[in-house]
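Report on the following structure.
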Amino acid sequence: MRYSASHKLETRQRLLESSALSAKKSGFSTVGVDGLMKAIGLSGGAFYSHFSSKDELFASIVERELGQSLARLGEGQDRDKLERCLKMYLSMSHVENPETGCALPALGAEIARSDVNVRQQAEHWICRLQESWAGVLQSDSLAWAILSQCIGALVVARMLASPDVQRRVLKSSYEEIGRQIASSGT
């Protein structure tokens, strides 16, 4: 049976969305093609009519997720919006729900182990976010430091077992970032 072009595009989008959620929650390498396809109710063989390889799917996930992160965290920023974004980013909700949050803390190690094309793609989106924040903060280095600290704080918090300690990590990071922003004169 032949499917319409729109059906194929819809299926590809469902696969991409489902795979992104799965990857951010459990890691991309933990699920095979059959498992990814089963999650959207299709057989493993249908995968290759949408992506040439699992690596191509991962590259598409990185592009999609980091593009969405830029839209949420970078576009149209002013200082107040940046501070609200940082508060939401450094929250227990973000720690407890990696599948609905930023891909960088969840997939950063897998991106780092990927081929150069995926890393270049990630670099493109991360640099765009950093440039947005640098414009608001009027400091290139402060934007890099805060971006790195946010991602690192989330990774550390997710590594910990105790919610109380997780909250301390997030609160300390948020307060320290606030001090850095205040002392920068912006």
Side-chain angles (χ1 to χ4, degrees), residues 13-31 35-36 39-40 57-58 60-112 114 118 121-137 142-182 184 186:
Q13 289 303 326
R14 281 188 12 237
L15 175 58
L16 188 55
E17 188 174 311
S18 175
S19 298
L21 291 173
S22 174
K24 290 190 298 180
K25 185 174 184 170
S26 304
F28 184 72
S29 62
T30 63
V31 181
L36 295 170
I40 62 167
L57 172 60
F58 187 62
S60 295
I61 289 170
V62 169
E63 179 178 17
R64 175 185 185 271
E65 291 297 315
L66 297 186
Q68 288 177 350
S69 289
L70 177 64
R72 279 192 306 267
L73 301 171
E75 294 177 352
Q77 284 286 14
D78 60 32
R79 185 178 170 166
D80 290 336
K81 185 177 177 187
L82 177 59
E83 288 178 12
R84 284 191 308 274
C85 285
L86 293 173
K87 189 166 195 137
M88 289 185 333
Y89 196 93
L90 296 170
S91 69
M92 284 302 290
S93 176
H94 200 186
V95 169
E96 294 167 346
N97 300 291
E99 68 277 8
T100 60
C102 178
L104 292 172
L107 299 176
E110 288 183 277
I111 292 169
S114 292
V118 171
Q121 187 176 75
E123 180 179 313
H124 166 78
W125 291 105
I126 293 166
C127 286
R128 285 187 58 193
L129 177 59
Q130 184 275 339
E131 288 166 7
S132 174
W133 287 10
V136 171
L137 299 168
L142 182 57
W144 278 122
I146 290 173
L147 179 63
S148 300
Q149 187 170 353
C150 285
I151 295 166
L154 214 59
V155 170
V156 169
R158 286 179 180 163
M159 290 170 30
L160 303 171
S162 167
D164 289 338
V165 180
Q166 291 173 322
R167 283 185 195 88
R168 285 192 356 233
V169 167
L170 298 173
K171 183 176 187 272
S172 298
S173 295
Y174 182 74
E175 289 173 354
E176 192 57 39
I177 288 169
R179 281 191 281 278
Q180 292 169 1
I181 292 173
S184 73
T186 57

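Note that these values count all heavy atoms, side chains included, but never hydrogens, waters or copies made by symmetry.
Put simply, the side chain of L36 does not reach to within 4.5 Å of the side chain of S18, judged on heavy atoms. Between C127 and W144, some side-chain heavy-atom pair lies under the 4.5 Å cut-off. Y89 is not listed as a side-chain neighbour of S173, based on a closest heavy-atom distance of 4.5 Å or more. Two residues are said to be in side-chain contact when any heavy atoms from C-beta on lie closer than 4.5 Å; W125 and S69 fail this criterion.
Under a 3.5 Å cut-off, the side chain of E110 and the backbone N or O of G27 do not form any donor-acceptor pair.
Heavy-atom contacts from other residues, nucleotides or ligands closer than 6.0 Å to NZ of K81 number more than 12.
Using a 4.0 Å cut-off between charged nitrogen and carboxylate oxygen, E17 and R14 do not count as a salt-bridge pair. A salt bridge is absent between K87 and E83: the closest approach of a Lys/Arg side-chain nitrogen to an acidic carboxylate oxygen does not fall below 4.0 angstrom.
Between S172 atom OG and L90 atom CG the span is 10.5 Å, to the nearest 0.5 Å. Distance CD/E175 to CD/Q180: 12.5 Å, rounded to 0.5 Å. Note that the CZ atom of R128 and the CG atom of L73 stand 13.0 Å from one another [nearest 0.5 Å]. Taken from CD1 in I146 to CD1 in I181, the straight-line distance is 4.0 Å, to the nearest 0.5 Å. Annotation: the span from R158 atom CZ to L160 atom CG amounts to 12.0 Å, rounded to 0.5 Å. Expressed to the nearest 0.5 Å, how far NZ of K24 lies from SG of C102 amounts to 7.5 Å.
The minimum heavy-atom distance linking I111 with A122 is given by the pair CG2-CB, 3.7 Å. Among all heavy-atom pairs drawn from A23 and L107, the shortest one is O-CD2, 3.4 Å. Of all the heavy atoms in L170 and A157, the pair that sits closest is CD2-CB, 4.1 Å. The two residues R72 and C85 come nearest to each other via the heavy atoms O-SG, 3.6 Å. What you find for H94 and M88 is that their closest heavy atoms are CB-O, 4.0 Å. Between I126 and L104, the shortest heavy-atom distance links the atoms CD1-CD2, 3.7 Å.
Using the six-membered ring where Trp is involved, F28 and F58 have ring planes that are tilted, between 30° and 60° apart.
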